Each structure stands twice: as C-alpha cells, then as structure tokens.
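The figures that follow rest on heavy atoms only: side chains count, while hydrogens, waters and symmetry mates do not. Keep in mind it's a predicted model, so treat the numbers as computed, not measured. Sequential numbering from 1 along the given sequence is applied to the chain's residues.
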Amino acid sequence: MKKKGRREQHHTEGGRQKRFFFLWLPVIVCSIIFVYIVAFDPVDRASVKEVRGTVMEDGQRSAQKADAQTCRVKLPQDKVVTLSVAGSDACRRGRAVLVETRRTTLFNREAFDFIRFLD
C-alpha cells in the first residue's frame, strides 16, 4: 500500500473544509433559525381581535400576583378561558369583559388577554 504524499494530505484537508462549509454549516444555520422561530413563535398581526365575553363565576385570588384575581370568562363559540384581572373584587359573575385574542404564526396557538370591563 502506498502512503499518501504531502500533496494528497493537503487535498483531503481542503475536502474537509469544503464538506464543513457546504454540508454542516447550512445544517447548523437552519437549526439555529428553527430554534429561534420555535422559541419566539411570532404573533400574526392580522389575527389580533377584540372579543366580548362574560364572567362565568366570581373571581378567586391569583397565586402569581398579590392584587389580582383569576376569573373564568365565556367567549363566543363556547370557549371558556381563565384570565388574570387586577383588582380585589373586579370579577363578579355576569360582568361583560373585552378580551384580546392573538394567534401565533407557526403553531397557530391562541392566547387571551384581559383588556377591560364593559359595564
């Protein structure tokens, strides 16, 4: 068997660099872009809507915030969501609320935020 000469060894080093730049570098860049998109999953601006809802039951103290309550709100299409509302006695059964709905671009997830009471 013949030993590789200096010229052939140099050529294989160049082959390794080409393989890195044309195979592994695009794979790494695409992976980083995918992780960024999944982590930050942008909101589709056209999907932001304000929806009217009704409080289903009296609010309970929120575990995360000291001066907030969580209340269950019924939205159109019979969706029931749990929202955090600032104030000690803000959530009373039957109150009308305005809720903002947002849909994300990539995974089409829905998120809901309390805006204000309508009454």
Side-chain angles (χ1 to χ4, degrees):
M1 216 177 217
K2 243 182 169 184
K3 288 186 176 180
K4 291 187 179 180
R6 185 112 172 114
R7 184 174 174 89
E8 290 176 7
Q9 285 178 353
H10 179 68
H11 186 67
T12 56
E13 295 273 332
R16 286 182 185 162
Q17 287 178 349
K18 281 184 182 178
R19 185 176 27 211
F20 176 77
F21 284 115
F22 291 111
L23 176 69
W24 292 111
L25 191 63
V27 168
I28 291 168
V29 169
C30 289
S31 299
I32 289 171
I33 291 171
F34 180 74
V35 168
Y36 177 79
I37 289 172
V38 169
F40 295 107
D41 199 8
V43 173
D44 183 15
R45 297 285 180 205
S47 72
V48 177
K49 297 176 186 156
E50 292 181 353
V51 179
R52 183 184 172 128
T54 307
V55 178
M56 292 178 58
E57 57 191 35
D58 291 343
Q60 293 137 3
R61 279 195 158 294
S62 176
Q64 290 90 10
K65 299 177 185 174
D67 64 337
Q69 287 186 331
T70 57
C71 42
R72 294 178 48 146
V73 176
K74 184 175 183 178
L75 301 176
Q77 295 91 25
D78 293 328
K79 285 188 180 179
V80 177
V81 296
T82 303
L83 301 173
S84 179
V85 179
S88 58
D89 62 344
C91 290
R92 289 190 309 272
R93 186 181 189 138
R95 282 188 87 176
V97 294
L98 193 61
V99 177
E100 180 182 73
T101 64
R102 296 181 322 273
R103 211 172 262 287
T104 59
T105 305
L106 187 64
F107 293 115
N108 212 17
R109 290 182 293 180
E110 256 187 324
F112 303 95
D113 285 327
F114 171 79
I115 297 177
R116 68 174 194 268
F117 288 105
L118 295 174
D119 53 1

Any chance you could measure E110, atom CD, to K49, atom NZ, to the nearest 0.5 Å? 8.5 Å
Would the distance check show the side chain of T54 and the main-chain N or O of K74 forming a donor-acceptor pair, the cut-off being under 3.5 Å? no
Evaluate the side-chain proximity of F117 to V85: yes if any heavy-atom separation is below 4.5 Å, no if none is. yes
Donor-acceptor check, side chain of R102 to backbone of V48, threshold 3.5 angstrom: yes or no? no
Which heavy atom of R95 sits nearest to which heavy atom of D119, and what is that distance? NE-OD1, 3.2 Å
State the CG-CD distance between D113 and E50, to the nearest 0.5 angstrom. 11.0 Å
For residues T82 and R72, report the shortest heavy-atom separation together with the two atoms involved. OG1-CG, 3.9 Å
Cluster check V73, V80: I/L/V/M/F/W/Y, side chain < 4.5 angstrom: no
Considering all heavy atoms of both residues, which atom of N108 and which atom of R103 are nearest to each other, and what is their separation? OD1-CD, 2.9 Å
If you compare all heavy atoms of G53 against all heavy atoms of L75, which two are closest, and at what distance to 0.1 Å? CA-CD2, 4.0 Å
F21 reachable from W24 in the ILVMFWY side-chain graph, under 4.5 Å edges: yes
Same cluster (ILVMFWY, side-chain, under 4.5 Å), I115 and L118: yes
Is there a path from L23 to F20 through hydrophobic residues (I, L, V, M, F, W, Y) whose side chains come within less than 4.5 Å of each other? yes
With E57, which residues qualify under salt bridge (charged side-chain N to carboxylate O under 4.0 Å, His left out), at least two apart? none
Considering all heavy atoms of both residues, which atom of Q69 and which atom of C91 are nearest to each other, and what is their separation? OE1-N, 3.2 Å
